[in-house]
Amino acid sequence: MSRPPFSSLLCLAAGQHGIVTTRQLSEHGFTRDRIARFVAAGVLARVIDGAYRVASHPDDELARCVAVSIARPGLTVSGPTAARLWGFRRIPRDRLVHVTAKPHSQPARAEWVRTYRTALIGGSDIVHRPDEIRLTTPARTAVDMVRYTSPSAVISMIEQGLDRDWFDEETLRSVAKGTATPGRPFARQFLELLDDRLAGGAAGSDWETIVGNCLRDRGISGLVRQYPLVVPGYGRLRFDLAIPERRWALEIDAHPSHHSLEGAARDKFRDRCCAEIDWMVQRIGEPDLRYRFDPTLDSIMRSLDHRPRVM
């Protein structure tokens with residue numbers, strides 16, 4: 001039986017971020033001695049036991065995630081690494097590959113691997129990507145991140161995932177309850193964060209999450225995120241933050257589209273239409289948020305002190 005050509009191995013590696021397993025090499029006619037010669041020649045580089053990287057591909061996070069996924073079937077990429085792969089914001093860049101494993105599974109021995117062991121992970125918690133990376137679902141990733149980062153960052157992840165339809169509240173609650181054993185207080189902490197969300201839709205940006213929570217922490221009540229309204233002369237809109245009973249809204253204008261002449265004119269027109277039905281709209285931009293955050297919130301508080309309940 002003829003062995004597949006070397007070019008087919010290169011094609012296989014290309015779909016796996018440059019990674020091939022010992023078994024795949026063997027299927028292409030590589031003996032241990034031949035693998036050793038290719039390593040010595042710099043064509044292959046060992047990543048972990050059972051996985052090699054074709055040297056023309058970068059030694060990056062994706063390659064390492066493939067290596068642990070295909071060489072260690074009992075491991076699942078999780079924690080900050082999974083969060084980075086999903087595209088969650090505010091995730092630390094620790095240059096490690098975090099994995100979750102069953103209690104007695106075989107670990108991957110490398111200085112860049114960090115293993116968390118638990119029996120509470122099953123098929124519904126895992127996604128298999130076409131590039132062979134096996135990682136936790138967005139919901140499980142968000143729950144797990146309580147162990148790695150601050151509550152405010154986890155809240156931001158929750159809002160981002162809800163906004164992008166990566167999960168819903170019911171799914172998050174189910175996943176967290178499934179891991180909330182006495183030895184895992186982080187899952188209960190996650191449920192507390194979920195229960196403490198502001199009313200309304202998902203925050204559309206990290207700044208929206210931060211500002212809303214800070215205003216509530218300052219004692220502002222009745223805040224609603226993504227509050228929908230139909231405005232005569234304008235149509236349907238959503239306010240980033242609103243207090244409906246005061247007909248007051250706050251727009252977080254951090255996106256560059258608000259800074260163009262067209263965007264600014266559109267915002268002014270919208271605000272005039274809202275004023276005609278007695279809605280007060282305040283706007284804060286990125287300079288306010290980055291360079292004078294607390295004074296900006298102080299100003300908002302003062303304006304609310306003079307805004308009566310009108311509903």
Side-chain angles (χ1 to χ4, degrees), residues 61-62 65 76-94 96-98 100 124-127 129 133 135-179 186-217 223-228 237-242 249-258 283-286 288-290 293 297:
E61 184 170 68
L62 288 170
C65 288
T76 300
V77 176
S78 60
T81 313
R84 289 191 289 269
L85 294 184
W86 284 116
F88 281 110
R89 57 194 175 221
R90 296 179 64 179
I91 305 303
R93 298 282 175 180
D94 55 14
L96 299 173
V97 174
H98 296 266
T100 295
S124 62
D125 296 314
I126 300 171
V127 171
R129 294 185 6 163
I133 293 176
L135 74 166
T136 50
T137 63
R140 179 60 186 262
T141 302
V143 173
D144 287 346
M145 282 303 296
V146 177
R147 295 188 290 114
Y148 297 97
T149 191
S150 67
S152 64
V154 174
I155 291 169
S156 183
M157 291 177 64
I158 292 172
E159 297 299 329
Q160 181 185 8
L162 292 171
D163 182 53
R164 299 189 181 182
D165 293 325
W166 292 345
F167 43 63
D168 54 30
E169 281 199 51
E170 182 180 353
T171 300
L172 288 175
R173 204 172 299 280
S174 175
V175 170
K177 286 181 177 178
T179 58
F186 68 87
R188 294 194 298 277
Q189 294 169 12
F190 182 88
L191 287 168
E192 292 171 1
L193 294 175
L194 191 58
D195 290 338
D196 199 40
R197 286 189 65 237
L198 285 179
S205 68
D206 192 27
W207 279 120
E208 187 181 322
T209 303
I210 294 169
V211 171
N213 289 343
C214 286
L215 288 176
R216 183 181 57 184
D217 292 345
L223 276 171
V224 178
R225 282 202 181 104
Q226 294 298 314
Y227 182 74
L237 56 78
R238 285 182 180 272
F239 293 122
D240 292 338
L241 292 162
L250 181 66
E251 291 290 273
I252 315 296
D253 293 346
H255 193 276
S257 63
H258 295 282
R283 293 182 177 273
I284 53 177
E286 190 168 11
D288 297 313
L289 297 166
R290 290 193 178 277
F293 186 83
L297 294 194

- Message: Is the ring pair Trp86/Trp166 parallel, tilted or perpendicular, if the boundaries are 30 and 60 degrees?
- Response: tilted
- Message: Looking at every non-hydrogen atom in both residues, tell me the closest pair between Arg84 and Leu96 and how far apart they are.
- Response: NH2-O, 3.0 Å
- Heavy atoms of Pro138 and Phe88 approach each other most closely as O-CZ, 3.9 Å
- Candidate pair Thr171 and Asp168, rule side chain to side chain donor-acceptor pair (under 3.5 Å), full reasoning: CA-CA 5 Å; Thr171 300; Asp168 54 30; 2.7 Å; yes
- Query: Got a second to check how far Glu208's CD is from Asp163's CG, nearest 0.5 Å?
  - Reply: 8.0 Å
- Message: Using 0.5 Å steps for rounding, measure from the CG atom of Leu250 to the CD1 atom of Ile284.
- Response: 4.5 Å
- Query: Does Thr81 use its side chain to pair, donor to acceptor, with the backbone of His98 at less than 3.5 Å?
  - Reply: yes
- Message: Set out, in order, the CA-CA distance, both residues' side-chain angles and the distance that settles side chain to side chain donor-acceptor pair (under 3.5 Å) for Arg140 and Thr179, then state yes or no.
- Response: CA-CA 9 Å; Arg140 179 60 186 262; Thr179 58; 5.4 Å; no
- CH2/Trp207 to CG/Leu289 distance, rounded to the nearest 0.5 angstrom? 5.0 Å
- salt_bridge(Arg283, Asp288) N-O dist < 4.0 Å: no
- Message: Please find the pair of heavy atoms, one from Val224 and one from Gly200, that lie closest to each other, and give the distance.
- Response: CG1-CA, 3.8 Å
- Message: Check whether Thr100 reaches the backbone of Ser78 with its side chain - one donor and one acceptor, N or O, closer than 3.5 Å.
- Response: no
- Grab the two heavy atoms, one from Ile133 and one from Cys65, that are nearest each other, plus how far apart they are. CD1-CB, 3.8 Å
- Message: Do Ser152 and Asn213 make a side-chain contact, defined as non-hydrogen atoms from C-beta onward lying under 4.5 Å apart?
- Response: no
- Message: Would the distance check show the side chain of Thr76 and the main-chain N or O of Thr136 forming a donor-acceptor pair, the cut-off being under 3.5 Å?
- Response: no
- Query: Do Glu61 side-chain atoms and Leu85 backbone N/O form a donor-acceptor pair below 3.5 Å?
  - Reply: no
- Ignoring hydrogens and angles, tell me if any N or O in the side chain of Asp144 forms a donor-acceptor pair with the backbone of Thr141 under 3.5 Å. no
- Task: Compare every heavy atom of Met157 with every heavy atom of Phe167, then report the nearest pair and how far apart it is.
- Result: CZ-O, 3.9 Å
- Rounding to 0.5 Å, atoms CD (Glu169) and OG (Ser174) come to a distance of 13.0 Å
- Note on the structure: Shortest non-hydrogen pair, Thr137 vs Ser124, comes out as CG2-O, 3.5 Å
- Item | Tyr148/Ile91 under side-chain contact (heavy atoms from CB on, under 4.5 Å): CA gap, chis, key distance, verdict | CA-CA 9 Å; Tyr148 297 97; Ile91 305 303; over 6 Å; no
- Message: What verdict does the side-chain contact (heavy atoms from CB on, under 4.5 Å) test give for Asp240 and Gln226, after you've listed the backbone C-alpha separation in whole Å, the side-chain angles of each residue and the deciding distance to 0.1 Å?
- Response: CA-CA 5 Å; Asp240 292 338; Gln226 294 298 314; 3.6 Å; yes
- Query: Given Glu159 and Arg225, is the side-chain contact (heavy atoms from CB on, under 4.5 Å) satisfied, shown in steps?
  - Reply: CA-CA 11 Å; Glu159 297 299 329; Arg225 282 202 181 104; 3.4 Å; yes
- Message: One pair to check against side-chain contact (heavy atoms from CB on, under 4.5 Å): Leu198 and Arg216. What are the steps and the verdict?
- Response: CA-CA 9 Å; Leu198 285 179; Arg216 183 181 57 184; 3.6 Å; yes
- Leu162 and Arg197, any side-chain heavy atoms less than 4.5 Å apart: yes
- Does Arg89 reach the main-chain N or O of Ala153 with its side chain, forming a donor-acceptor pair under 3.5 Å? no
- Working to the nearest 0.5 Å, report the span between CZ of Phe190 and CZ of Arg173. 9.0 Å
- Message: Could you measure the distance from the CZ atom of Arg90 to the OG1 atom of Thr149? Nearest 0.5 Å is fine.
- Response: 7.0 Å
